[in-house]
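The residues of the chain are indexed from 1 along the displayed sequence. Remember, it's 1-based here, ligands and their atoms both numbered in the order they're listed.
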Amino acid sequence: MSFREIFEQHSWEAVQESIYSKTSADVERALAKRKRDIEDFKALISPVAAPYLEQMAQLSHRLTVQRFGKVISLYVPFYLSNECQNICTYCGFSFTNKIPRRTLNDAEIQREIAAIKAMGFEHVLLVTGEANKTVGMDYFEHALDLIVPHFANVSMEVQPLDEPDYRRLVAKGVYAVLVYQETYRQATYREYHPKGKKSNFFYRLDTPDRLGRAGIHKIGLGALIGLEDWRTDSFFVALHLDYLKRRYWQTKYSISFPRLRPHEGEFEPKVHITDRELVQLICAYRLLDGDVELSLSTRESPKFRDHVLKLGITSMSAGSRTNPGGYAVDPQTLEQFETDDTRSPQEVAAMIRRQGYEAVWKDWDASLFLNQAKHAFDRRKLTI
Ligand code: SF4
């Protein structure tokens, strides 16, 4: 069984109609509950929940502090390559965009590591485009050998892979993999992904299942806000999370809510979400799930990030560059998208502290994880 079977029981149109027909009574019922379900989530993201935002924000803040304390984990994206064989109509790295392509070599990776370490980071998110021939498993494993010894936490956001490949990444010390469905609207998914492996909707949809089976420590989910109705897409993210938590209960989960940003190319977002609506969505995720990590990137403005920090967020990127070599090797090359919060990591950390929170650079140690994996492996050998 995989999420596909659950997914196919829900039509996009019926879900959308159900969200938009929620009433104030549904919202009040959801707010009054201690444990909320996916129907409550629909009510909380619906337009009629807008007047309840203050109450949602207070509840979300309280739940987050209870579970996570007053702590924000900091991470930074580490782009290794902008080569990509896919056409994604909304992305600066899309195959048809005439931009200089670059994949970092060993020496360049080492220079980037040094620059990122100098900024204070212990948690990096490795990012590449989807170009199997140049940035496939061999490249990943070699790059991980160079990178993992220097950081406490290495996560990845690369092309969806097969289950055995994920097992190899776990063995190399990868802690988390992020894979966003972009949109769960199957009928239009192809319009945004007309060519390349990414156009296979169900291979992407089944990726978190493959990750769960491979025993990854954490899976990141999300939808790209700007493609299709954000409420309906967010429902499917929540449905996906609900399924995965039941099936792979030892795995941790995080959710991101990236809004489309300006980039190379001419794509215009089809839908917009206001700042207030994004706050509503963040709070709704928290009220649905007290344990899920909620992550906010530098796509958002400093003002928005400062404001929303206490309302459910648990991790933030800072000082991000979205181009390969962006920290030391070649800072001027074209970025995947423009970031909005361009403050330095130290400025972001100071802002977090001013709000009475702790900025955490190291929330996980890969050596601990590798030792655990080794002990489990040794125990298995003893019992065979
Ligand atoms: S979103 Fe990813 S797969 Fe699509 S063009 Fe950009 S880098 Fe390539």
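- Listed by first and then second residue, the side-chain hydrogen bond (donor to acceptor under 3.5 Å, both in side chains) pairs involving residues 273-284 are R259-D275, T274-E277 (not counting sequence neighbours).
- Pairs passing the side-chain hydrogen bond (donor to acceptor under 3.5 Å, both in side chains) check and including a residue from residues 50-60, sequence neighbours excluded, read E28-Y52, E54-Q58.
- Here the side chain of R36 pairs a donor or acceptor atom with the backbone of L287 at under 3.5 angstrom.
- Each protein N, O or S atom less than 2.8 Å from atom 4 (Fe) of ligand 1 was counted, giving 1.
- Ring centroid separation for the pair H193 and Y90 comes in under the 6.0 Å cut-off.
- With sequence neighbours excluded, the residues that form a side-chain contact (heavy atoms from CB on, under 4.5 Å) with S254 are K218, E293.
- When the options Q159, Q85, R204 are evaluated for a side chain to side chain contact (heavy atoms under 4.5 Å, CB included) with K198, the one that passes is R204.
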